[in-house]
2 protein chains.
Amino acid sequence: MDTGQMNVQRQNGVALWRQIADRIRTSIANGEYDETGKVPPEFALAEQFGVNRHTVRSALAALAQEGIVRSVQGRGTLIERKDRLNFPISQRTRFNQGIGDQAREKEGLLLHSAEEPATADLAARLKIKPGAPVIRLETLRKADRRPVSRSTTWFPADRFGGMTEAYRQSGSITVAFRTLGLADYLRVSTEITATHADNADLADLELSPGAIVLVAKALNTDTDGVPVQYAVSRFPADMVQFTIEN
Amino acid sequence: MDTGQMNVQRQNGVALWRQIADRIRTSIANGEYDETGKVPPEFALAEQFGVNRHTVRSALAALAQEGIVRSVQGRGTLIERKDRLNFPISQRTRFNQGIGDQAREKEGLLLHSAEEPATADLAARLKIKPGAPVIRLETLRKADRRPVSRSTTWFPADRFGGMTEAYRQSGSITVAFRTLGLADYLRVSTEITATHADNADLADLELSPGAIVLVAKALNTDTDGVPVQYAVSRFPADMVQFTIEN
DNA sequence: TATGGTTGTCTATATTAATAGACATTTGAG
DNA sequence: CTCAAATGTCTATTAATATAGACAACCATA
């Protein structure tokens with residue numbers, strides 16, 4: 001590509017070092033430095049982005065903090081981690097299945113659970129009466145020890161009262177549903193947006209401030225078309241992508 | 001909700017005023033201020049975010065620059081624009097159709113076109129030989145005068161040689177395909193990611209720095225399953241959402 | 001028309017981000 | 001062993017960001 005200065009914005013509320021860190025993180029995820037396994041030297045990056053070498057160093061320090069690179073004096077800045085998981089979205093979307101063999105170790109953690117009355121919006125989606133009891137689960141999913149999504153999930157309480165315990169034991173929604181007598185379920189709609197990470201994202205997903213999260217709102221029904229689950233999941237945008245196959 | 005201080009990060013490369021501007025923009029898009037049509041007073045926002053009033057003013061100035069709000073001395077800060085377009089993604093995904101009646105005025109602009117040899121990646125997706133000629137179109141789509149997407153689209157040149165002219169005249173891929181003898185086509189896969197807006201995004205989509213773009217990579221085939229089009233489209237994340245219906 | 005609520009403007013100060021240059025330290029290769 | 005190529009550290013300076021306080025200007029309405 002062009003070797004000249006490219007694409008950093010000044011004086012716009014996003015520090016240069018953060019813009020550069022984001023760009024390098026993306027380049028790593030895209031495999032642009034796969035041949036060497038190293039990020040280009042600091043002075044080369046400084047020239048490429050048209051900034052001072054110290055500014056590049058700030059960016060690399062941030063990436064080192066995230067565990068993505070490791071700088072070694074005399075050798076260079078080595079790439080430690082490089083991952084973008086692919087999530088297929090289909091009628092049979094399942095988290096664990098979707099990850100497939102992209103990760104060896106899969107984990108589902110229950111952060112919090114509660115029973116509460118359904119809001120108007122939620123009731124409309126689950127086709128229950130507003131104020132009817134629902135179970136809310138806050139979960140965190142990991143692949144190879146790295147957090148890949150944070151979800152808030154609601155179930156009609158009258159039908160899936162034991163969901164909290166079932167999920168805690170299995171760490172899987174699919175398994176929990178089966179335990180509660182629902183053998184199969186279908187994804188009927190998924191809404192996808194993107195936003196900046198909020199405080200909870202930063203903590204749970206181990207992100208750095210300014211990071212982007214992909215937000216997916218999903219509705220699942222049983223095979224008769226009765227809604228069984230509504231979920232809002234947040235994914236680190238630099239680690240995942242969604243694929244829709246028709 | 002809670003009235004106390006909430007959720008702004010200090011010293012992390014994203015200026016407070018920008019974080020606050022992003023939060024307010026999202027709140028507006030979510031309809032949180034619909035009752036009054038106004039953003040809360042500056043001092044109230046300052047207290048809510050735990051910052052100085054001047055910092056809030058910087059955030060509001062940025063939103064005014066984007067045309068989202070307008071401050072009137074003595075009255076308050078009025079909401080000028082509030083929109084989030086929904087894009088359904090299905091086997092028959094069509095831009096103009098998808099927008100439907102969400103916008104009155106739809107427009108497709110041709111920014112640039114060229115004929116060039118296919119890269120290895122592109123050739124694999126379009127199932128043609130690497131280096132075979134393809135037509136590349138850079139297009140900008142608008143709804144009600146606001147830019148909503150910026151796309152780079154490739155077509156096999158041997159089959160769709162007249163694409164540039166056909167698109168220029170109609171402003172629609174669907175119509176251009178029909179002109180060239182392709183009555184129907186199908187969306188077979190869509191990949192969705194998110195990233196920060198780059199310089200071209202800022203210019204073409206009229207965004208402010210630090211904004212987020214949703215990136216969709218789509219492959220279309222004819223009814224025989226032969227690839228006819230590969231496109232990479234970028235959407236302002238605070239203006240659009242994707243919906244997948246199964 | 002008087003008043004309370006709101007945005008606009010000004011001055012001053014402290015902290016953080018970015019630039020600039022010099023030189024030390026470490027590593028890998030010849 | 002020596003040298004080139006990296007990263008590490010230090011000092012100094014400028015620009016952008018954030019806080020603080022005071023007061024002016026304006027609008028709606030009671």
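Lettering of chains follows the sequences in order, A, B, ..., and the numbering in each one begins at 1.
The side chain of A:T55 places an N or O atom within less than 4.0 Å of a non-bridging phosphate oxygen (OP1 or OP2) of C:dT19. Distances shown here put a side-chain N or O of A:R75 below 4.0 Å from the OP1 or OP2 atom of C:dG28. Within the structure, every side-chain polar atom (N or O) of A:R57 is placed at least 4.0 Å from both OP1 and OP2 of D:dT7. Contact annotation: A:S58 does not reach the phosphate of C:dA17 (side-chain N/O to OP1 or OP2, under 4.0 Å).
The nearest whole Å value for the distance from the CZ atom in A:R18 to the C1' atom in C:dT16 is 15 Å. As a whole-Å value, the separation of B:L78 CG from C:dT7 C1' is 12 Å. Atom-to-atom, CZ of A:F49 to C1' of C:dT19 comes out at 17 Å; the value is rounded to the nearest Å. Taking atom CD on B:Q19 and atom P on D:dT17, their separation rounds to 13 Å, with Å as the unit. Separating the CZ atom of A:R70 from the P atom of D:dA6 is a distance of 17 Å, rounded to the nearest angstrom. With rounding to whole Å, A:E47 atom CD is found 15 Å from D:dA5 atom P.
Classified by interplanar angle (parallel below 30°, tilted 30° to 60°, perpendicular above 60°), the ring pair A:Y230/A:W154 is parallel.
The base of C:dG21 does not come close enough to the side chain of A:R53 for any donor and acceptor atom to sit less than 3.5 Å apart. Side-chain atoms of B:Q73 come within donor-acceptor range of the base of C:dT7, with a qualifying N/O pair under 3.5 Å.
Each of B:P41 and A:G74 lies near DNA chain C, and the nucleotide nearest B:P41 is the one positioned closer to the 5' end. Nearest-nucleotide positions on DNA chain D place A:L60 closer to the 5' end than the other of A:L60 and A:H54.
In this structure, the side chains of B:V69 and B:L78 stay at 4.5 Å or more apart for every pair of heavy atoms.
The backbone N or O of B:R23 sits less than 3.5 Å from a side-chain atom of B:S27, completing a donor-acceptor pair. Under a 3.5 Å cut-off, the side chain of B:K38 and the backbone N or O of B:R75 do form a donor-acceptor pair.
A distance below 6.0 Å separates the ring centres of A:F235 and A:F87.
Set against C:dA18, C:dG8, D:dT17, the side chain of A:L16 has C:dA18 as its closest nucleotide. Closest contact between the side chain of A:N52 and the listed nucleotides D:dC26, D:dG8, C:dA20 involves C:dA20. Checking D:dT7, C:dA18, D:dA18 against the side-chain heavy atoms of A:W17 singles out C:dA18 as nearest.
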